[in-house]
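All remarks here apply to the structure that follows.
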Number of protein chains: 8
Amino acid sequence: GFATVDHDRGRRCGLPEVVYAEHKTPEEVIAIVDALRERSGYALATRVKEADRPALRAAWSGVPVQEAAGAGAFLVGSPPPLVGLPPVPVVAAGTSDLPVAREAELTLRAMGQSAHRITDVGVAGLHRLLERLPELAAGRVVVVIAGMEGALPSVVAGLLPAPVVAVPTSVGYGAAFGGVAALLGMLNSCGSGVTVVNIDNGFGAALSAGRINAL
Amino acid sequence: GFATVDHDRGRRCGLPEVVYAEHKTPEEVIAIVDALRERSGYALATRVKEADRPALRAAWSGVPVQEAAGAGAFLVGSPPPLVGLPPVPVVAAGTSDLPVAREAELTLRAMGQSAHRITDVGVAGLHRLLERLPELAAGRVVVVIAGMEGALPSVVAGLLPAPVVAVPTSVGYGAAFGGVAALLGMLNSCGSGVTVVNIDNGFGAALSAGRINAL
Amino acid sequence: GFATVDHDRGRRCGLPEVVYAEHKTPEEVIAIVDALRERSGYALATRVKEADRPALRAAWSGVPVQEAAGAGAFLVGSPPPLVGLPPVPVVAAGTSDLPVAREAELTLRAMGQSAHRITDVGVAGLHRLLERLPELAAGRVVVVIAGMEGALPSVVAGLLPAPVVAVPTSVGYGAAFGGVAALLGMLNSCGSGVTVVNIDNGFGAALSAGRINAL
Amino acid sequence: GFATVDHDRGRRCGLPEVVYAEHKTPEEVIAIVDALRERSGYALATRVKEADRPALRAAWSGVPVQEAAGAGAFLVGSPPPLVGLPPVPVVAAGTSDLPVAREAELTLRAMGQSAHRITDVGVAGLHRLLERLPELAAGRVVVVIAGMEGALPSVVAGLLPAPVVAVPTSVGYGAAFGGVAALLGMLNSCGSGVTVVNIDNGFGAALSAGRINAL
Amino acid sequence: GFATVDHDRGRRCGLPEVVYAEHKTPEEVIAIVDALRERSGYALATRVKEADRPALRAAWSGVPVQEAAGAGAFLVGSPPPLVGLPPVPVVAAGTSDLPVAREAELTLRAMGQSAHRITDVGVAGLHRLLERLPELAAGRVVVVIAGMEGALPSVVAGLLPAPVVAVPTSVGYGAAFGGVAALLGMLNSCGSGVTVVNIDNGFGAALSAGRINAL
Amino acid sequence: GFATVDHDRGRRCGLPEVVYAEHKTPEEVIAIVDALRERSGYALATRVKEADRPALRAAWSGVPVQEAAGAGAFLVGSPPPLVGLPPVPVVAAGTSDLPVAREAELTLRAMGQSAHRITDVGVAGLHRLLERLPELAAGRVVVVIAGMEGALPSVVAGLLPAPVVAVPTSVGYGAAFGGVAALLGMLNSCGSGVTVVNIDNGFGAALSAGRINAL
Amino acid sequence: GFATVDHDRGRRCGLPEVVYAEHKTPEEVIAIVDALRERSGYALATRVKEADRPALRAAWSGVPVQEAAGAGAFLVGSPPPLVGLPPVPVVAAGTSDLPVAREAELTLRAMGQSAHRITDVGVAGLHRLLERLPELAAGRVVVVIAGMEGALPSVVAGLLPAPVVAVPTSVGYGAAFGGVAALLGMLNSCGSGVTVVNIDNGFGAALSAGRINAL
Amino acid sequence: GFATVDHDRGRRCGLPEVVYAEHKTPEEVIAIVDALRERSGYALATRVKEADRPALRAAWSGVPVQEAAGAGAFLVGSPPPLVGLPPVPVVAAGTSDLPVAREAELTLRAMGQSAHRITDVGVAGLHRLLERLPELAAGRVVVVIAGMEGALPSVVAGLLPAPVVAVPTSVGYGAAFGGVAALLGMLNSCGSGVTVVNIDNGFGAALSAGRINAL
Ligand SMILES: Nc1ncnc2c1ncn2[C@@H]1O[C@H](COP(=O)(O)O)[C@@H](O)[C@H]1O
Ligand SMILES: Nc1ncnc2c1ncn2[C@@H]1O[C@H](COP(=O)(O)O)[C@@H](O)[C@H]1O
Ligand SMILES: Nc1ncnc2c1ncn2[C@@H]1O[C@H](COP(=O)(O)O)[C@@H](O)[C@H]1O
Ligand SMILES: Nc1ncnc2c1ncn2[C@@H]1O[C@H](COP(=O)(O)O)[C@@H](O)[C@H]1O
Ligand SMILES: [Mg+2]
Ligand SMILES: [Mg+2]
Ligand SMILES: [Mg+2]
Ligand SMILES: [Mg+2]
Ligand SMILES: [Mg+2]
Ligand SMILES: [Mg+2]
Ligand SMILES: [Mg+2]
Ligand SMILES: [Mg+2]
């Protein structure tokens with residue numbers, strides 16, 4: 001009764017509805033995931049609060065589950081087969097940005113796609129990024145994740161003709177304002193071909209990159 | 001002496017450097033446009049201040065020029081031939097958003113691509129949008145432009161599997177905060193597959209959509 | 001001594017004073033509720049902190065109490081009889097917005113009115129809302145509750161001639177800024193007939209809707 | 001071509017579409033007003049920029065026109081007959097808030113309703129408001145307009161059982177932040193039954209008050 | 001070693017230095033209070049974190065101590081004798097604002113002055129304030145404390161010729177932004193003779209009122 | 001008709017109502033000033049827009065008028081006699097802050113009081129302030145005006161036992177945010193006895209200082 | 001009378017006081033510059049408003065004057081001799097940032113130092129910067145100026161052991177918020193050795209760089 | 001696998017890479033510190049979360065470790081020998097700012113440099129600072145740390161010719177906004193030669209001061 005699942009979304013938009021768990025009780029999350037799995041065989045739940053994760057892990061102990069460590073994202077049930085698209089490069093500026101990268105990767109997996117991870121290549125040590133250029137260039141679309149000043153997408157977009165989906169993260173303190181500094185940096189990128197999603201929104205970046213990769 | 005034009009950008013990123021004119025004198029704009037035209041035969045200048053536009057129109061009176069009305073964007077010289085890609089649907093929520101739409105269209109043209117415009121289909125009168133669904137569905141990627149609460153991209157993304165590039169505009173007053181309300185709305189879109197560019201940045205949306213359309 | 005209860009408010013404004021418990025000790029809440037119940041037979045306390053709820057449930061264990069789950073609102077004592085007005089449609093965009101909806105419903109009940117709940121009809125899956133149009137149209141006034149981009153009131157107001165009271169919620173993260181994105185979206189609604197209350201303020205929305213419904 | 005007028009809105013929502021002129025050229029405003037007048041015999045245009053007003057006055061010199069002084073709102077053509085509802089009290093805290101009050105009044109007129117104006121009754125001289133209480137109490141719904149700290153709606157709502165639609169204005173300077181201080185004050189009103197519209201949005205307040213008054 | 005106490009401040013400014021404990025360890029607070037008591041016989045510490053209060057109560061169990069309940073302010077040692085000035089009216093809009101009022105009262109006591117408390121007289125029930133006018137008028141200076149929209153100082157200043165020191169509080173939620181709404185309301189007060197201190201700063205309001213009262 | 005002058009304010013609060021001209025037409029300002037002068041023989045109008053000043057100067061050419069240069073404040077008619085109180089020191093950190101200082105001085109004059117001006121004694125050259133200490137110490141209350149980082153009131157309050165009324169100004173650029181930096185600095189003053197008024201509000205500071213000086 | 005020039009500042013801090021002209025009348029600027037020139041033979045005035053520049057150019061037509069084009073900074077009189085320090089590299093990300101660069105250069109000149117300008121080397125085309133590395137490495141301290149996302153200082157600081165003074169500029173639009181995006185980017189720089197000055201504050205950057213260069 | 005340590009940074013920038021621990025798991029911190037120590041013999045980790053500190057202390061119990069109390073900074077292994085530069089004066093306005101001062105000192109130590117601490121010399125008691133002037137003047141560069149209104153750097157820079165690196169702290173409450181008030185105050189400093197780092201960023205201030213001191 002408490003949910004009106006949009007069961008038609010898979011057909012309309014390419015991915016069944018995903019459960020945004022942050023403001024829901026574990027009971028609500030489980031019930032909606034069950035309803036979705038009944039239809040599609042699997043379901044993705046994101047942003048499960050840290051305190052609720054053990055309960056969900058227990059509830060789903062008999063089911064195949066993939067979890068994005070540190071992010072509270074769960075892919076429950078048998079995910080759809082891989083559709084054979086080239087992996088999407090998912091670039092994280094620092095080790096601290098990894099949970100967001102993992103959320104993006106799990107979301108791509110839920111879409112039947114895969115990711116290629118490149119970590120710790122922030123702009124304060126440029127050579128690290130330049131060495132990985134061929135791996136970046138192999139993607140049809142690139143996801144770039146960075147906190148603090150969020151400068152990495154500008155640099156990446158200046159090196160490649162592929163579209164760049166930029167994800168600001170809440171990594172930082174003080175005037176980072178929980179990711180606002182990185183968000184503004186990315187919105188004002190002087191690099192061309194950069195678009196932006198919400199702070200820490202690895203999920204949304206993957207949805208968009210997956211739609212692009214599927215073209 | 002005052003500019004180090006990135007003449008290599010066309011090769012690297014698919015579009016030669018574009019002149020961001022807002023904080024430049026008309027003399028500077030003309031000189032950089034000339035330098036770019038010498039290389040590529042054409043150049044795009046965006047965000048020419050209203051007061052400087054007559055001077056630039058005069059300076060370029062002997063050259064083929066396309067101007068995005070109300071936006072201060074100029075495509076100077078013979079634009080590159082159309083590359084034969086499907087037109088990108090450029091959707092504007094209201095008539096007031098048209099200058100931003102025109103900037104996007106001119107930028108696509110500078111990339112050798114074209115646009116299909118759909119106007120005045122805001123969410124307060126849904127039937128207007130629903131009637132245009134086939135035209136929207138013909139695009140491989142859709143640009144959606146809206147001011148005020150910026151709700152249109154959420155609705156569009158819920159109807160289609162294509163990636164949506166959302167452009168918040170400064171249309172509105174009071175708590176619209178010059179486009180911030182629309183920007184935040186789009187960043188928090190509950191629709192999947194939406195990415196966002198800066199306020200009034202039709203140029204950046206087109207760059208990204210053009211990169212996607214070219215895949 | 002610590003409170004000067006406004007015992008005349010029921011006569012003047014149609015509802016006795018309500019206890020805003022968030023910044024009060026449980027002892028203070030109990031004492032003021034007692035003073036109000038002595039006068040009216042019942043009292044409403046809102047925004048009881050999670051940690052204080054068990055203490056209050058215990059204190060009122062011998063009294064009829066209705067609680068709005070997840071919201072910390074308590075209607076203590078025998079509520080006033082229903083006055084026979086049509087129920088107010090209370091629309092929540094997502095499951096996560098339910099606590100706010102329940103606060104609104106309990107407040108309406110304290111006014112001798114009732115609510116009709118419609119849940120999980122967000123704008124990313126429009127058909128869900130359109131199917132419920134007759135239920136919405138049955139209301140003289142509609143309460144619409146949404147977080148994230150807060151677009152739902154614009155769409156509802158475009159479908160109906162009734163006044164819409166919009167409640168932004170703190171559901172969301174990052175650039176949702178604890179409900180600010182939804183608040184700004186609603187304040188800039190392009191839909192006509194929308195007015196707005198504070199973030200998560202189901203109580204205030206119900207007070208206003210109740211005053212309107214009573215005309 | 002540049003506009004898709006929502007001609008059905010009058011039937012659906014009780015008032016035909018209104019032209020928001022601030023970001024449109026005078027030519028666009030005139031064309032859309034003409035299209036609307038052809039259907040309904042009259043049209044309302046709001047927030048015409050100061051510089052554009054003389055051109056519009058000239059263009060409409062042969063037509064009956066009512067103008068809200070200082071607000072740039074125009075009611076063009078023969079407005080609909082008055083429907084016989086009680087006038088809506090429109091209360092302005094100070095003389096400086098009058099343009100917003102006039103915009104509200106003209107909008108009510110476009111809905112076939114009327115207003116009763118009460119001016120300069122701010123909270124720093126309470127007796128002025130208390131003397132006008134009977135006039136306030138005659139309304140089924142009250143519009144209260146105030147800038148600076150925006151305290152007036154709280155006081156009015158504490159004196160009456162009618163719903164109060166509050167309009168913050170940009171009157172003030174410094175930390176008034178163009179109306180933000182008043183907006184926040186009203187959103188946090190301790191008075192019950194207050195809902196809020198955008199800064200300087202006399203139009204929106206009237207739309208809502210008119211919907212309420214028509215119940 | 002870790003502190004350079006300003007032992008001369010009492011002579012220069014009328015009150016010895018006060019310990020701002022919020023960002024200090026309990027050990028640091030005790031040491032500085034000891035140093036101050038050695039000089040003056042007493043010391044005031046404000047904003048002791050909730051978790052540190054039991055330790056400080058224990059440490060000072062053998063000394064006369066007055067504590068401002070809910071505020072974490074402690075007056076340790078024998079306070080200076082009362083200097084015989086009229087009490088300062090300390091007005092709190094709601095019960096929730098009491099901790100701030102108590103901090104102000106304790107600070108006045110540390111200055112050898114006293115307070116007269118008036119509580120729960122917010123603007124949504126004006127009669128409560130008007131009944132207390134004679135008590136207010138007895139003060140040479142008035143401290144007015146309010147959260148939410150912070151309207152009370154405007155009303156008080158409009159009724160009296162005395163200077164009003166206004167204290168915004170963090171009481172409220174959502175768009176109250178932790179006291180910002182009340183702060184802005186007070187800074188934009190249309191009442192004359194109102195000055196403002198920081199959010200929840202009962203201490204600062206008392207220092208200023210005490211300086212004024214001592215003239 | 002458009003104004004309800006609070007003619008009783010002089011009796012109640014010590015100064016007749018003052019005209020806040022910024023959002024009024026010159027005609028409205030003249031009419032209200034006339035109404036006030038009829039009662040009291042003089043009137044104060046503040047924040048007259050630069051463009052409106054010549055018209056007002058012309059309109060009042062036959063009357064004694066004092067104008068605060070750069071501030072748009074006018075004292076029209078014969079001001080009340082000086083009441084014989086000690087002058088209020090009005091301290092401006094820089095030359096750029098002088099218009100605000102002049103507004104404060106003119107307001108004090110309208111209250112029958114006088115000011116003693118001390119200019120250009122900012123904290124970057126401390127000796128300038130220390131040399132003027134005796135002049136500062138002669139005041140019963142001190143008005144301190146500063147832009148940029150707004151540090152001067154903290155320093156002054158640390159040198160004196162008198163209450164300090166601090167006025168942040170909009171002098172500065174970039175991250176001064178039109179006076180917000182100075183405002184926040186003053187609200188967080190570590191100096192004791194500092195209270196704050198709105199940005200550029202020399203008028204409000206004088207009202208408060210005048211109330212204090214009159215004790 | 002209106003200014004208390006800090007004539008001792010040259011001795012104390014290494015540069016005589018500089019006139020901040022933005023909020024002063026031309027007459028005030030001329031008078032203070034004259035007073036300073038009488039002492040030191042020259043004076044620097046910064047941020048002269050565009051409208052006041054012709055008057056100042058005329059007033060100083062008989063004196064040697066250097067002007068920073070586009071910045072409104074004037075070095076009046078014979079500047080001090082060059083002290084023989086290595087030039088300070090002043091790096092501007094784009095052509096649009098040149099006025100700020102020129103203000104920095106003129107300030108260095110007023111300190112008896114010189115600058116080496118490097119322009120249009122933004123991070124979207126990295127090769128441009130890398131080619132200039134030897135010129136950058138020749139500085140003991142580097143000034144880096146950038147608008148939009150302000151990423152350049154992070155990159156420069158990662159390539160060099162010299163201290164970097166970063167200047168955010170107001171170049172950009174929309175969510176650049178007049179330089180706030182660049183400011184936040186620089187404050188959160190992941191590059192080591194970066195410190196920041198106010199938006200567009202070429203003057204302050206040069207003061208600091210000059211102090212460092214003089215060590 | 002999860003980190004790409006920039007082992008070349010020591011050679012390029014003068015200090016090996018430092019671990020920013022706030023958003024990393026203890027396991028990640030230990031692993032990266034180990035990798036760095038293998039190369040350089042020591043490593044610095046900053047901003048270790050309070051809850052993680054005991055685990056790290058235990059893990060490093062057999063290694064020489066220096067910890068900055070209250071700051072979560074750890075210098076693990078044998079730090080590099082002191083290079084014989086004059087100590088950097090590190091000035092903290094209040095006792096509450098000490099953790100930030102300690103982080104700066106430990107960072108200098110990791111660079112082979114040393115600090116001279118001066119505490120509790122805030123601007124509300126100026127004599128405390130003036131007494132320490134000789135100690136300040138002995139530095140080639142000065143680090144100044146302050147919360148609340150952040151005025152101390154302006155005063156220090158006005159007394160000395162050395163460059164001042166200013167660190168705003170999050171000490172304060174209410175309108176201190178977690179250090180924003182101090183940050184803005186420092187960015188708008190009227191003192192010359194002040195540059196600023198992020199809130200609470202003692203680490204970054206030391207990096208910059210160390211680079212300067214090494215010139
Ligand atoms: N309207 C625009 N919005 C954002 N960036 C732009 C715009 N027009 C041009 N640019 C970018 O601005 C940069 C040029 O800056 P500049 O060197 O100052 O001319 C290039 O990277 C362009 O891609
Ligand atoms: N959840 C709520 N949100 C906003 N206002 C409330 C809420 N609950 C009660 N109130 C109002 O808070 C005021 C009581 O405040 P107090 O005197 O502090 O108890 C009354 O005017 C109530 O109408
Ligand atoms: N509650 C408070 N709010 C604001 N300032 C305070 C408070 N308590 C003490 N202070 C001031 O904080 C300063 C002491 O700071 P510290 O040296 O860190 O102890 C003194 O100037 C006090 O006057
Ligand atoms: N462009 C500028 N930006 C920031 N501060 C400045 C600027 N120009 C001058 N100043 C400082 O402003 C102060 C002078 O202020 P005033 O007394 O109002 O002229 C001096 O301390 C100068 O060092
Ligand atoms: Mg790293
Ligand atoms: Mg339209
Ligand atoms: Mg849902
Ligand atoms: Mg008035
Ligand atoms: Mg109450
Ligand atoms: Mg000066
Ligand atoms: Mg360039
Ligand atoms: Mg101290």
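Every value quoted in this text rests on a predicted model; they were computed, and no experiment measured them. Chain letters run A, B, ... following the sequence lines, proteins first, then strands; residues in each count from 1.
- Interface residues of residues 182-200 of chain H toward chain G, defined by a heavy-atom distance below 4.5 Å and sorted by number: H:Leu183, H:Leu187, H:Asn188, H:Cys190, H:Ser192, H:Gly193, H:Val194, H:Thr195, H:Val196, H:Val197, H:Asn198.
- Interface with chain H: from residues 149-158 of chain G, residues G:Ala157, G:Gly158 qualify, criterion being any non-hydrogen pair under 4.5 Å.
- The one candidate from H:Val141, H:Ile212, H:Leu207 that meets the side-chain contact (heavy atoms from CB on, under 4.5 Å) condition with G:Pro163 is H:Ile212.
- Residue H:Glu38 places its CD atom among 12 or fewer non-hydrogen atoms of other residues, nucleotides or ligands, all under 6.0 Å distant.
- The greatest number of non-hydrogen atom pairs below 4.5 Å with chain H, out of G:Ala166, G:Gly204, G:Ala162, is found for G:Ala162.
- For the set H:Leu159, H:Leu160, H:Val165, the entry with the most heavy-atom pairs within less than 4.5 Å of chain G is H:Leu160.
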